[in-house]
Amino acid sequence: MSSTSDKLFRRPATPAIGVLLALLLAPVVIWVLGLQLPDIVPREHLAAFHIATELFVVVVAVLVFAVGYHVIDRRRMAASLLLACAFLAVALLNFLHLMTYPAMPDFITPNSTQQTLFFWLAARLVGAVALLAYVALPMVTQSNGPPRVVYLIGSLLLVAALAWVGLWHAEIVPPLFGSLGGLTPIRMGIEALMIALHLVTLALFTLRRELLQRPGIPLVAAALILSMGSGMFFMFYAPLTDAPSVLAQLYKIAAFVLIYQGLFRESVRAPLKHLHEAHRDIERREQRYQQLLETAPDGVLVTDMHGRIVMVNRNIERLFGYPRQQLIGEPVERLVPERLRARHRTHREAQAHTINRRTMGQVSDLRGRRSDGSEFPLDISLNAFEGDEGRRITAFIRDITDRQRREARIQHQATHDSLTELPNRWLLQDRLTQGIAQAERHGHPIAVMLLDLDNFKMVNDTFGHHEGDQLLKAVGARLQGALDQEATIGRFGGDEFMILLTNVEDEQAIGVIAERILDIFTSPFQTEQARRLTSTGSLGIALFPRDARDERSLVRYADMAMYEAKHSGRNTYAFFSQHLDAQVHEEQRLQQRLQQALGNDGLALHYQPLVDVASNRVIGVEALARWTDSELGPVAPTRFITSAEATGLILPLGEWVISEACEQLAQWSRAGLELRVAINVSAMQFRQHDLVQRLGAILEATGAPPEHLEIEVTETVAMADVALTRDQLRGLKALGIRVALDDFGTGYSSLAYLKSLPIDKLKIDRSFIADIGQDPESEMILRSIVHLGHSLGLTLVAEGVETTAQRDFLRTIGCDLYQGWVHSSAMAGSAVRDHLQVARA
């Protein structure tokens, strides 16, 4: 609870400042106006009043010394010690002043006014200088300053020196009181000096504002103001009994009380308050610690240096099944499986004195033992601290059973195919890398087999993807049953499976295994819908180290061998051979020449007209890449585009096509030729996250009108990731570009997805057009597609129209547009204008 003075001086804006200023101005007003105040203390009581006030001042000064000397502010040791010992001197000098007062019996030498005034002025001057030093001195720790006894001895020596002068040699001091009872100039000068010292001290507070923020310093500042007022009263009083003399004494008493209160608050009350707050804070921290300990999600236990348990929380009870009373004092090995206790004890004893901190996850395969004998995996974080009873080890224990299950599940999902539960491409690649490394060390061959299901697309198209998935699961299960444990079987992607044989003897043994693999197709596969599906497979085989010594080449060669098996009639296997090797080199040469052509403008764009079925009028063109190489001659688009997709060159090739087509579109637009230009984008291009931004930049750079540009995406690419497709198509539509779904009918489009996609056209695959007039089922499908497209508000385009009969049929079923050789083949951009003029003529 703060005192009244605490409240008065807590803030500079308090009314106490006004009171102090009034008390300071009171002697000035009385002196300037020459006011005659009545006597306050009668003459007969003067001696008693004087003795009482001086004794009170002596007692307060001694208290200031006792507080300041024994309870030191460690942040201001030098200042506190100096003030305390100075006030001891003030107390002693005031005592000498009292004892040499003429009204008192002679002390040591005959008492006189000169003696008593000398000690009185010396005491006040020492106090003024001490207060100035207290405010002016910087913060100095005890280790940087002299010991406290030095200050005490200095104070006593000062008193001794002044006592020697005042008692035995007072005559060397100029007279301090005139013979006629007035104040001498030296006395007035000393009073003025003390007032000036107080003013300087107060001025220092403006330079050291941080001092005023400390608890007791405002009281010291108030004492300085009262001391100045006391000094002004002492400068113009006449007899000791008049009002100014009494008021000066009262001001002096109040100033000493404020100094004591300020020092007491600074050195005793404030530290005690901080100590109490610290104790309460410690208690609150301990309570919070206990609450946190009990509510911690982990089990927490504390052991001593001998491994004995000294504390556990409730989660330890839950984890291990023991009441905490049974664990306190027990060795921590009680919570460790019996087979591991000896090793745990040895490790603990070896590390007990060196352990600092260990976070969770640094030690794997830790096990705990419950009260019922069951074991569980756990993770531990350790920390050491020094307690009141010595070093302690804190262990935070977490049951990681669920985490290990989740990690195992995530690991399995990351490395296994979600449909067949077989190893996926990533894990197959890792197993192949390990197998090659092992084969190099032990010198034995390994085989990479790629199995592709024949006519799997027909299963999807006929029975739906769900049935196709069931077939893949059944094939995977039969493969696992047909091969031994040394073979790694995985789903490589789509309808392809990879089989790794890491310990084989020769090609004959591999052939036997290949026959066993193909034998799984001899009987139909049963699906969940009780449908019996018949399928076959084509198997390609590449050997390490005969065919290649790296993973990528082995897989590629096995893939080439698999296609060789398909070309050989399917339902068979083929080894990679020199003939296929020659094809590889030819493929590499093709890729090199294609890369050079991209860099040297060796490619060209041709444009195939897009014709209105009803009017036979050309309304647009499709941009098609063409390549005639100086060494290879004309290269079919299917060949170099397939190669570009396999090597990643499809990205720069696709960007070149877009740029060239947009430039041509801009030229036609400036020439007044209103044509739409359609551009195919590959799967890899379509998956680029910045496809829309790239297209926007090309349109801006070329000035091509976006409303005359169409982007064609194949049905297979669009359905591979419907969410991505929707985002990309919306971005294209935002640019003003029209969108067409190419090769419609070759994939498996959900009608719901098709309706939700922002597309403008459906391009019917040429395989349906080729069967017009030959296959009634294909014609029926065509009618359905056209009806479906029109019901969705889409424009229907037929690709690969080569005969007038096909065109006439399309007109009959209401197809909107067509393109194909029946009208014209693709032509260079410069020939398009002439062709249009001839066609319109």
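Start at 1 with the first residue, then count along the sequence.
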**Q** Of the options Arg491, Arg425, Lys473, which is the one that meets Asp417 in a salt bridge (Lys or Arg N to Asp or Glu O under 4.0 Å)?
**A**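 Single pass found, and it is Arg491.
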**Q** Between the side chains of Thr522 and Asp519, is a donor N or O closer than 3.5 angstrom to an acceptor N or O?
**A**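 Looking only at side-chain atoms, Asp519 and Thr522 do not form any donor-acceptor pair under 3.5 Å.
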**Q** Quick one: does Arg478's side chain have a donor or acceptor within less than 3.5 Å of a partner on Ile520's backbone?
**A** yes
**Q** Apply the salt bridge (Lys or Arg N to Asp or Glu O under 4.0 Å) test between Lys763 and each candidate in Glu622, Glu715, Glu710; give the one that qualifies.
**A**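 Answer after filtering Glu622, Glu715, Glu710: Glu622.
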**Q** Using a 3.5 Å distance criterion without hydrogens, assess whether the side chain of Thr642 forms a donor-acceptor pair with backbone atoms of Thr638.
**A**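 Pair found, side chain donor or acceptor close to backbone of Thr638.
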**Q** Are the charged groups of Asp454 and Lys566 less than 4.0 angstrom apart, N to O?
**A**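 Between Lys566 and Asp454 there is a salt bridge, with a charged N closer than 4.0 Å to a carboxylate O.
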**Q** How are the rings of His444 and His442 set relative to one another: parallel (under 30°), tilted (30 to 60°) or perpendicular (over 60°)?
**A**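 Judged by the thresholds at 30° and 60°, the geometry between His444 and His442 is parallel.
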**Q** Kindly say whether Gln774 contributes a backbone atom to a donor-acceptor pair with the side chain of Asp771 at under 3.5 angstrom?
**A**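 Not at all, since once roles are kept as given, no pair shorter than 3.5 Å links the two residues.
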**Q** Should the ring pair His416 and His412 be called parallel, tilted or perpendicular, given that the plane angle runs from 0 to 90° and is split at 30 and 60?
**A** parallel
**Q** Have Thr702 and Glu663 got a donor and an acceptor in their side chains that come within less than 3.5 Å?
**A** no
**Q** Assign the ring pair Phe576 / Tyr557 to parallel, tilted or perpendicular, where the plane angle (0 to 90°) is split at 30° and 60°.
**A**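 The arrangement is parallel - the two ring planes meet at less than 30°.
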**Q** For the residue pair Arg431 / Thr502, report whether a side-chain donor-acceptor contact shorter than 3.5 Å exists.
**A** no
